[in-house]
Amino acid sequence: MKLFTKSGFHFVLFTLFGLTIAQNQTTVKLPGSLNTTSSHPPPSLCTTYPDNGICQGYVNYSVFTKGAPIAMIEKQLGPLVNMSRLLGKVAPTCVDAYYRYSCSLAYPKCGENGAAPTMGCQSACQDVEYECRNIFMLTGKGVLPDCNKKSPLTGQPLSSDGSCNAIAPQIAEPHAFYNLSAVTPGFIMSDCPAPFMKDPVAKLGSSATTRWAEHGFLATDILRFISSVVSFFMLVSYLILPDKRRHPSLLILNVSASIFLFSMVVYFSIGNPQKLQCANIVEVSTQDNNILCATQGAILIFSSLSTCCWSAALILNLHLHTVWNSNFFTNRYGILNVLCWGYPSVIMAVSLGLHQIKFEFANLCLVSVDKIFEIFFYPMAAIVCPAFIIHISTFFYIAKIAFQEGVQSDMSQSMSRGSMTNPAPGRRHKHVITAVQIQWRALLLAFLACGTVVFYWIFYFTQIHRVVSLEKDHSITNHWLECMLSPGGHQNSCVYIIRDHLPPYGLMMAAETLVSTQGIWLFVIFGKRSLWREWNDLIYDMRVSFNSRRMEKNGEQFFAL
């Protein structure tokens, strides 16, 4: 359905603007005119307006008719009744303004003691232009009144303020917003009234835009792309280099694979985010109407949880080795693979099975916001929270041992200066310091991964309810649209309505930036000197194997380290 049926719309236009047409095209032969041949005396030029007239409530004065029958003038004002019936609830300010303009033009106020009649106000006509322009544009048709029109009764145009017949508004708020709740379901706007407009830099078939949100998400996409490249390099390095294919480097291999999968989802939207965000020109992407959205969402869910699982395994291995001096996971990678790849696979399958993957914001498809905690974040919290607690306990244990080592070292030096012999520093926890020296990179990566997940989880936990409430409470969006579509509405004046129901832009960009840089952090932390040396040796061995004569290493043939 539409607000007006197409066949009936032209009738509405004729009825809405028939008064203007009639006033432009009809010459009224008045009884008191100079060319009359009637033998009857001319009727009075002024009369009392009837209580049941179309302009009742607006006209409460003696009207100048120049002898024309009230019924004839009322007939020409008939379109106002249709206008009130069709638009009175949607745009009462426009209807009221049109009544004040039309009634003051059709019925000049009779002058006192034979004075000339008082015409309506120019400001009344300008009010119509201001209040009705947008609603006429919404319908796609309409003609605003000509404020220079002359009255067919007096031959005079509307008067300036101060010397005109000013009719007061008959509604409580003459500049209120449009009432969109009264719009007939299915109404389709034929054009975008101000302030809605095409992006000034947008081109047909292009995604160019001036919106800051898209600039921000483009920046995070670039970071995610870089992360995917460098994490893939780390994945290949730990997969190919012989010294990396053993415990605990195998943990870093799996973390690299998870981070690469997490970062490579940017390839689905790069260059044209709309192909991921939109199923068509009017529908948001879901797993049911956009295969790209379904695929990206599935990979994102799987890789997010697998990154958490392997980071938790990294944390647990560090804890066991540091606190308990145990290499429990050395020969148990079968169990680790089942848990750390199987658990994410189950959550991904549940999300797909419940048809909950859809586009929500940024350039990513994920679990819909109304189910994201139950399906995605709570299963993630079941991994991250225990891992975070274990990580904190490991940190405090290391701090305690480091403090004890420092105290023992000080005591040893004091005893040495006092010429005391025998006591030696305790070495009971020497392996702790050694473990930290060896695994500080894994410690830092695990800390960053946990910190990022916790920050992102807190962001969703504290901010996503705003989006959910906005999606469920249509009165908020309707009120904002009413403000934007009504005369004088623009983003700066209407932002107060919706501002508290959207995540802060800076916080949203910070959360997206953190999760987009995981691959970069992986590369910075583990792209150490020994990694390049191993690549150097591997390249040398490959060159030797492809040459018939033996090549010797020398500094000029290899990377300078």
Side-chain angles (χ1 to χ4, degrees), residues 198-203 205-235 256 258-278 284-285 290 292-293 295-297 299-301 303-304 307 357-367 369 372 376 444-445 447-464 466-467 491-492 495 498-499 501-525 527:
K198 277 191 174 183
D199 194 312
V201 302
K203 299 178 181 178
S206 171
S207 60
T209 180
T210 58
R211 285 171 288 188
W212 280 106
E214 294 197 7
H215 286 319
F217 292 136
L218 175 61
T220 58
D221 276 355
I222 293 173
L223 289 175
R224 198 181 290 264
F225 176 80
I226 297 173
S227 289
S228 69
V229 173
V230 295
S231 61
F232 181 73
F233 171 77
M234 297 303 299
L235 171 63
S256 300
S258 299
I259 292 178
F260 168 69
L261 289 175
F262 178 77
S263 301
M264 60 85 64
V265 295
V266 70
Y267 300 147
F268 289 87
S269 61
I270 194 167
N272 184 14
Q274 285 76 19
K275 67 183 179 183
L276 182 78
Q277 299 166 343
C278 307
V284 174
S285 291
N290 190 336
L292 284 178
C293 181
T295 305
Q296 191 213 49
I299 295 175
L300 186 58
I301 293 169
S303 59
S304 299
T307 299
I357 296 178
K358 64 179 293 190
F359 169 76
E360 290 292 357
F361 75 99
N363 295 331
L364 301 172
C365 285
L366 196 58
V367 181
V369 293
I372 194 168
F376 185 69
L444 179 59
L445 179 65
F447 176 79
L448 289 172
C450 283
T452 298
V453 171
V454 170
F455 182 85
Y456 202 78
W457 187 84
I458 292 175
F459 164 74
Y460 254 88
F461 187 77
T462 59
Q463 300 297 324
I464 206 64
R466 298 185 177 191
V467 179
Q491 291 181 349
N492 290 338
V495 68
I498 205 169
R499 177 175 50 204
H501 301 279
L502 292 174
Y505 176 77
L507 186 61
M508 183 168 56
M509 288 297 103
E512 284 297 309
T513 300
L514 280 176
V515 298
S516 299
T517 54
Q518 291 301 295
I520 297 176
W521 284 116
L522 173 71
F523 179 78
V524 170
I525 294 172

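- Aromatic ring pairs are classed by plane angle as parallel below 30°, tilted from 30° to 60° and perpendicular above 60°; the pair Trp457 and Phe461 is parallel.
- Taking the side chain as every heavy atom from C-beta outward, Tyr267 and Ser228 approach each other to under 4.5 Å.
- Here Thr462 pairs with Ile458 under the side-chain contact (heavy atoms from CB on, under 4.5 Å) rule; sequence neighbours left out.
- The side-chain heavy atoms of Leu514 and Tyr456, taken from C-beta on, include no pair separated by under 4.5 Å.
- Side-chain contact between Gln463 and Pro504: present, with at least one pair of heavy atoms (C-beta onward) separated by less than 4.5 Å.
- Annotation: side-chain hydrogen bond (donor to acceptor under 3.5 Å, both in side chains) contacts of Glu360 (sequence neighbours excluded): none.
- Using a 4.5 Å heavy-atom threshold, the side chains of Met264 and Ile299 count as touching.
- Not counting sequence neighbours, the partners of Thr452 by the side-chain hydrogen bond (donor to acceptor under 3.5 Å, both in side chains) test are Gln518.
- Considering only residues two or more places apart in sequence or on other chains, Phe262 meets the ring pair (Phe, Tyr, Trp, His ring centres under 6.0 Å) condition with none of them.
- Applying the side-chain contact (heavy atoms from CB on, under 4.5 Å) rule to Val367 yields the partners Ile301, Ser351, Gln356, Lys371, Ile372, Ile375, Phe376; only residues at least two apart in sequence or on another chain are considered.
- By the side-chain hydrogen bond (donor to acceptor under 3.5 Å, both in side chains) test, Ser304 pairs with no residue at all, sequence neighbours left out.
- Considering only residues two or more places apart in sequence or on other chains, Leu292 meets the side-chain contact (heavy atoms from CB on, under 4.5 Å) condition with Phe268, Lys275, Leu276, Asn290.
- Listed by first and then second residue, the salt bridge (charged side-chain N to carboxylate O under 4.0 Å, His left out) pairs that reach into residues 216-233 are Arg224-Glu512, sequence neighbours excluded.
- Not counting sequence neighbours, Thr220 has no partner by the side-chain hydrogen bond (donor to acceptor under 3.5 Å, both in side chains) test.
- Smallest separation of non-hydrogen atoms from Ser227 and Thr517: OG-CA, 3.5 Å.
- Side-chain atoms of Ser263 never come within 3.5 Å of backbone atoms of Phe260 as a donor-acceptor pair (strictly under, hydrogens ignored).
- Taking Phe455 as the reference, nothing meets the ring pair (Phe, Tyr, Trp, His ring centres under 6.0 Å) condition, with sequence neighbours excluded.
- In this structure Ser256 satisfies the side-chain contact (heavy atoms from CB on, under 4.5 Å) test together with Met234, Leu235, Ile252, Leu522, sequence neighbours excluded.
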